[in-house]
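Shown next, in structure tokens, is the structure this report addresses.
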Amino acid sequence: MSQPESSLMSRLVSLSKRRGFIFQASEIYGGLNGFWDFGPLGCQLKNNLRDQWWHDMVECPPLGPDGKPLSIVGLDSSIIQHPRTWEASGHAAGFADLMVDCRESKHRYRADHILCLEVFYEKAGVKKPLGVLSALEGDEFDTTIIKKAKKLMQKAGGGEILPIEASLAVPFTTLSKEQQGLVIGLDAENVGTLTEPRAFNLMFHTYVGVFQDEDSKVYLRPETAQGIFLQYKNIMDSSRVKPPFGVAQVGKSFRNEVTPRNFIFRAREFEQMEMEFFCPPEDGMMWYEFWVAERLRWWESVGCRKENLFGHVIPENEVAHYSKGTTDIEYRWPFTAPNFGELEGVAYRTDYDLKQHAAFSKTNLDYIDQEAKRRYVPHVVEPASGLTRGVLLLLAEGYQYDESRASPEWLKIKPSLAPIKLGIFPLVNKDGMPEVAEKLYLDLRQTYTCQFDAKQSIGKRYARMDEAGTPFCITVDGETLKDQAVTIRDRDTASQERVALDKVRAYVAAKLASA
RNA sequence: GCGGGUGUAGCUUAGUGGUAAAGCACCAGCCUUCCAAGCUGGCUAUGAGGGUUCGAUUCCCUUCACCCGCUCCA
């Protein structure tokens, strides 16, 4: 099958805009880096994926290893929480690397990556300091320093640069304020152009109340999970759940990403679907393995091909210090292919979060098991996926190109997730056909998202629905008035079936349930 | 953040220092009995700001956004 020249991603961006899935945020003002809006079809698709997750996670959770349904309840916590939350979670520190700006070159560096070294030279037998040079740590350190020293030497009017000793180089962060002021920046020619190391916070912040001082500073959550930990005790006290049980949440999160990229893949405002599964400490590994398998199965169930999914076990030395195991569920994105990129992370977080919040809040978060007569802080397994990444997956996975079709580009989205389930058309906009079609539309729209369309040729209407990923189109034709039947056209095969008007509901219901 | 690329209508493209062109899409009407048919008409664009110039979409500068590669990625 021939493919257009342009990349799959650019075609997805184009189709998304053309059909109203995803628009650039604030487009008429030139856009805003890292922000996207979901159009009529996009938000419908996103809601459908979210609802499916919620159904499969909260309303009808999977069966556990013992064959009994798991116990998982929902939560919708605030985007803004007490600022101490993010100190306890580690985000305030982890999201705030010290950065240094250069006033001359306008560049920004991570302060601990800058190595500084004082270089000396000799002139007329006298050893003199040339200056404190800096370069990024790495293999090139020596050559970079020497290159800069030579340049400086020329300006100084000549002399013999003494051999440098790279091992004596120290990170910028370890220098005193005075010493920092003497450093020549990485891309600068003058002394003291580097700013003091500053916290470069990746969390968005704002202020609660009208007085904007440090005491009122709060953060927009960078993940939904912490809200769950904060309410873990209230949920147990009010919902008659006990370990093992889960708490699920869907919502917006915000991160000041250094580099937003790849359409909605890495955006600064995005949506997450997270579930924290609380269990006795000794069962942690078992539930971790359970959820890795379960989440892979789920992504397949929403229409992702198995070969495009990959459970990437994070090596022990790269796993966060509090985690006893993390598996990234990765998808073969158009921009990572043939490699994979993160879609969801399943992490065994041990009792780290609850213990942190217990310590920071001075609240006892032990679970008291009255049967076994013991108390413990539950361990947690967290499947955390990106809802907006999931939408991108459905678009990428569903994108089809077939020049033999009326619309070469079309979306093969699982019918139950499709933004529009049914297109309803009169074959010709006269002879009583529109009236019958409209009656059918008014009936079916109560159950399914439907689009009624009587404009232009029937082929165009089918093509439009193909691009929107609508799985079925129902057409009322000249025969309908006589035989009380309509044709139902299948998106994937373009084949048609004659179905009696009074059987349409059953037909559609069966198709949507089986597909 | 660095380097490279791109920015003209909803989409895909053309073009020019002097009235911005086309195809498709979209809308209206006619027509049309199953896969983007036809006819007529219509809407819509030089990302933003500044400079050079009598005149800039074109040349220059700045900026913004997107794409690619690095960097970063709790």
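When the C1' atom is compared between B/G3 and B/C72, the two are found 16 Å apart, to the nearest whole Å. Of the C1' atoms belonging to B/C68 and B/C31, the separation is 48 Å, rounded to the nearest Å. Rounded to the nearest Å, the gap between the P atom of B/G47 and that of B/U58 is 8 Å. Between B/A22 and B/G5, the two P atoms lie 32 Å apart (nearest whole Å). B/G38 and B/C64: their C1' atoms are spaced 44 Å apart (whole Å). As rounded to the nearest Å, B/U53 and B/U57 have C1' atoms that lie 15 Å from one another. Atom P of B/G7 sits at a distance of 9 Å from the matching atom of B/A14, rounded to the whole Å. Nucleotides B/U46 and B/A65 are separated by 16 Å at their C1' atoms, to the nearest Å.
A/S14 comes within contact range of the sugar-phosphate backbone alone, with a heavy-atom separation under 4.0 Å but no base atom that close. Looking at heavy-atom distances under 4.0 Å, A/T487 makes contact with a base. Residue contacts for A/Q456: at a heavy-atom cut-off of 4.0 Å it reaches the sugar-phosphate backbone alone, with no base atom in range. The residue A/Y29 sits apart from the nucleic acid: no heavy atom pair falls under 4.0 Å. Residue-level contact check: A/D466 touches neither bases nor backbone, having no heavy atom under 4.0 Å from any strand. A/G345 comes within 4.0 angstrom of no nucleic acid atom, judged by non-hydrogen atoms across all strands. Among the heavy atoms of the strands, none lies under 4.0 Å from A/R461. No engagement by A/Q226 is indicated, since no non-hydrogen atom pair under 4.0 Å with the nucleic acid exists. A/Q24 comes within 4.0 angstrom of sugar-phosphate atoms only, judged by non-hydrogen atoms across all strands, and of no base.
Looking at which nucleotide of RNA chain B each of A/A494 and A/F270 is closest to, the 5′-most match is held by A/A494. Nearest-nucleotide positions on RNA chain B place A/T259 closer to the 5' end than the other of A/T259 and A/V428.
Rounded to a whole Å, the CH2 atom of A/W410 is 24 Å from the P atom of B/C11. The distance between atom CZ of A/F23 and atom C1' of B/A65, rounded to the nearest whole Å, is 17 Å. In this structure, the CD atom of A/E27 is 11 Å from the P atom of B/C66, given to the nearest Å. Going from atom CD1 of A/I458 over to atom P of B/U33 covers 12 Å, rounded to whole Å. Per the geometry, CE belonging to A/M433 stands 14 Å off P belonging to B/C31, to the nearest Å. Remark: P of B/C73 and CG of A/N262 are 17 Å apart, rounded to the nearest angstrom. With rounding to whole Å, A/R405 atom CZ is found 12 Å from B/A36 atom P. Rounded to whole Å, atom P of B/C11 lies 16 Å from atom CZ of A/F21.
Contact check, A/N429 against B/C30: no side-chain N or O comes under 4.0 Å of OP1 or OP2. Using a 4.0 Å cut-off, some side-chain N or O of A/K17 falls inside it from OP1 or OP2 of B/C11. Contact between the side-chain N/O atoms of A/K430 and the OP1/OP2 oxygens of B/U32 is found at a separation under 4.0 Å. Applying the 4.0 Å criterion to OP1 and OP2 of B/C66, one finds that A/N33 has a side-chain N or O inside that range. The phosphate of B/A37 (OP1 or OP2) has a side-chain N or O of A/S457 nearer than 4.0 angstrom.
Rounding to the nearest 0.5 angstrom, the gap separating the CG atom in A/D353 from the CD atom in A/Q226 is 5.0 Å.
In summary, of the residues considered (A/E274, A/E289, A/E344), a salt bridge (charged side-chain N to carboxylate O under 4.0 Å, His left out) with A/R295 occurs for A/E344 alone.
Of the nucleotides present, B/G18 is the one that pairs with B/C54 by Watson-Crick or G-U wobble criteria, both distances under 3.5 Å. Both distances falling under 3.5 Å, in either a Watson-Crick or a G-U wobble arrangement, occur for no nucleotide opposite B/A37. For B/G10, the paired base is B/C24 (Watson-Crick or G-U wobble, both distances below 3.5 Å). When both distances must be under 3.5 Å, the Watson-Crick or G-U wobble mate of B/A45 does not exist. In this structure, B/C72 forms no base pair with any nucleotide, since neither Watson-Crick nor G-U wobble geometry is met with both distances under 3.5 Å. If you check B/C66 for Watson-Crick or wobble pairing at under 3.5 angstrom, you find it paired to B/G5.
Between A/E269 and A/K252, at least one side-chain N (NZ, or NE/NH1/NH2) sits under 4.0 Å from a carboxylate O, which counts as a salt bridge. With salt bridges taken as basic N to acidic carboxylate O contacts below 4.0 Å, one links A/D466 and A/R489.
Put simply, the side chain of A/W291 reaches to within 4.5 Å of the side chain of A/M275, judged on heavy atoms.
Between the side chain of A/R268 and the backbone N or O of A/F254 there is no donor-acceptor pair closer than 3.5 Å.
A/K46 forms a cation-pi arrangement with A/F38, by the criterion of a distance under 6.0 Å to the ring centre and an angle within 45° of the ring axis.
Nearest to the side chain of A/Q496, among B/A25, B/C34, B/A28, sits B/C34. In the set B/G69, B/A36, B/C26, B/G69 carries the atom at the smallest distance from any side-chain atom of A/R261. Of all nucleotides listed (B/C35, B/U33, B/C11), B/C11 comes nearest to the side chain of A/R18.
Between the side chains of A/Q249 and A/S77, at least one donor N or O lies within less than 3.5 Å of an accepting N or O. Side chain to side chain, A/Y352 and A/S323 fail the donor-acceptor criterion of an N or O pair below 3.5 Å.
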